[in-house]
Number of protein chains: 2
Amino acid sequence: MRLSTKGRYAVTAMLDLALNGQDGPVTLSDISENQGISLSYLEQLFAALRARKLVRGVRGPGGGYFLGRPADEISIADIICAVDEWVEFTRCRGKEDCRGGQRCLTHSLWDDLSRQIYDFLTDITLADLVARGLEKEQTCQGKKDSATLESRAA
Amino acid sequence: MRLSTKGRYAVTAMLDLALNGQDGPVTLSDISENQGISLSYLEQLFAALRARKLVRGVRGPGGGYFLGRPADEISIADIICAVDEWVEFTRCRGKEDCRGGQRCLTHSLWDDLSRQIYDFLTDITLADLVARGLEKEQTCQGKKDSATLESRAA
DNA sequence: CTATTAACTGAGTAATTTACTCGGTAATTA
DNA sequence: TAATTACCGAGTAAATTACTCAGTTAATAG
């Protein structure tokens, strides 16, 4: 498993689709502006997402992107794996011999952990995130009553 | 949260200490050989780990590294945060205004997820990993049902 | 006391990944 | 037909990863 800013970009972009894709397709330009990512980089990310059928593109004016499946059928792990090209699972299985046993043991422990994280993220869908977020009704600036999570330092 | 090969190196190295640090300190040379990482790179990683008191160094012949605390008091999140310099939490809180609300919402959803992953990894200690690994008694090559996990190297 | 060991430190750099720029083509709509 | 937007690929700047090298301290063994 791997968790980088690239994966974050992909997840937030997909969230953007989940939130705004109800009425019509969302353009990459919109996402680019919303998320502060360059258009070309988004195109690269969406090429990977499209290859995994996580999004569907519509050309022409009024076009843009839709989610490829309902939001409750897209897990965070799906998204991250799509852009981060994760495999690299037990690398000492083939080329690296593990005669010593020690190296092999630590690697298999890591793979075990990696698998746990993967399973964890497989159980969380885009829909889950959106639902959990809406239920809190937290907008960044909002901060109504007692909470005051971060009070205007500057 | 961030999960890179750098974090993996740190975790497997710490696992190495947890597994071999019983009798005496473990040298970076040993770890370097076990894990296939260069000595200098390990020194960099251990500088960060030492700064967070996750390891304790002993100089001179017969020296090496110990865990800074018992293995059941060191979480995976501790290790990863030490080397990956993670902070970057809700980046739209200060400099980026979130008038649109859209960008802000996706970011806060991401931060929410990031927090979940962090909590998940905070609950897993080095000792947990080792215990879980031993209980499975999985060696990479061996896979014979009887023991074999410590097969005499040095 | 001397030599060796191994932790520490820091500057410099190759390799890789991230993120972007640019210049296009293909499909769709008005 | 013209505008729009997905789609495509080569080239590159910036950042991070991972390493080499060249030392210095501290502790131990002889």
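Just so it is clear: chains get the letters A, B, ... in the order the sequence lines come, proteins before strands, and each one is counted from 1.
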For F46(B), run the ring pair (Phe, Tyr, Trp, His ring centres under 6.0 Å) check against Y41(B), Y65(B), Y9(B) and tell me which one passes.
Y65(B)

Check the distance between dA14(D)'s C1' and I37(A)'s CD1 and give it to me in whole angstrom.
17 Å

Calculate the interatomic distance between Y9(A) atom OH and dT18(C) atom C1'; express it in whole Å.
9 Å

Whole-Å gap separating C1' (dT21(C)) and CD (Q44(A)):
11 Å

Please assess I80(B) against R2(B) for the test side-chain contact (heavy atoms from CB on, under 4.5 Å), listing each intermediate value before the final yes or no.
CA-CA 8 Å; I80(B) 290 175; R2(B) 197 135 169 267; 5.6 Å; no

What nucleic acid atoms does S40(B) come within less than 4.0 Å of, heavy atoms only: base, sugar-phosphate, or nothing?
base

Quick one: F66(B) CZ to dA27(D) C1', roughly how many Å, whole number?
14 Å

Near E73(B) CD, under 6.0 Å, is it more than 12 heavy atoms from other residues, nucleotides or ligands?
yes

Scan L129(B), T122(B), D128(B) and name whichever one has a side chain to side chain contact (heavy atoms under 4.5 Å, CB included) with I76(B).
L129(B)

Between C1' of dT16(D) and CG of L45(B), the distance in whole Å:
13 Å

Counting any heavy atom closer than 4.0 Å, what does L39(B) reach on the DNA or RNA strands: base, sugar-phosphate only, or nothing?
nothing

Out of dC8(C), dA19(C), dC20(C), which nucleotide sits closest to the side chain of K6(A)?
dA19(C)

Figure out the CG/C1' separation between L42(B) and dC8(C), and round it to whole Å.
14 Å

May I ask you to say what F46(B) touches in the nucleic acid, namely base, sugar-phosphate or nothing, with a heavy-atom cut-off under 4.0 Å?
nothing

Pick from L121(B), I74(B), L15(B), D84(B): which one makes a side chain to side chain contact (heavy atoms under 4.5 Å, CB included) with I79(B)?
I74(B)

Distance check: side-chain N/O of R2(B) vs OP1/OP2 of dT17(D), anything under 4.0 Å?
yes

Side chain of T5(B) (C-beta onward), nearest among dC20(C), dT4(D), dT17(D)
dT17(D)

With respect to the phosphate group of dC7(D), does any side-chain polar atom (N or O) of R56(A) fall under 4.0 Å of OP1 or OP2?
no

Distance in angstrom units between Y41(A) OH and dC8(D) P, rounded
18 Å

What's the closest nucleotide to the side chain of E43(B) if the choices are dC8(C), dA6(C), dA19(C)?
dC8(C)

Is the phosphate of dC7(D), meaning OP1 or OP2, less than 4.0 Å from a side-chain N or O of Y65(A)?
yes

Let me know, please, whether R59(B) or S29(A) comes out on the 5' side of the other along DNA chain D by nearest nucleotide.
S29(A)

With respect to the side chain of P61(A), which nucleotide from dC19(D), dT9(C), dT4(D) is positioned closest?
dT4(D)

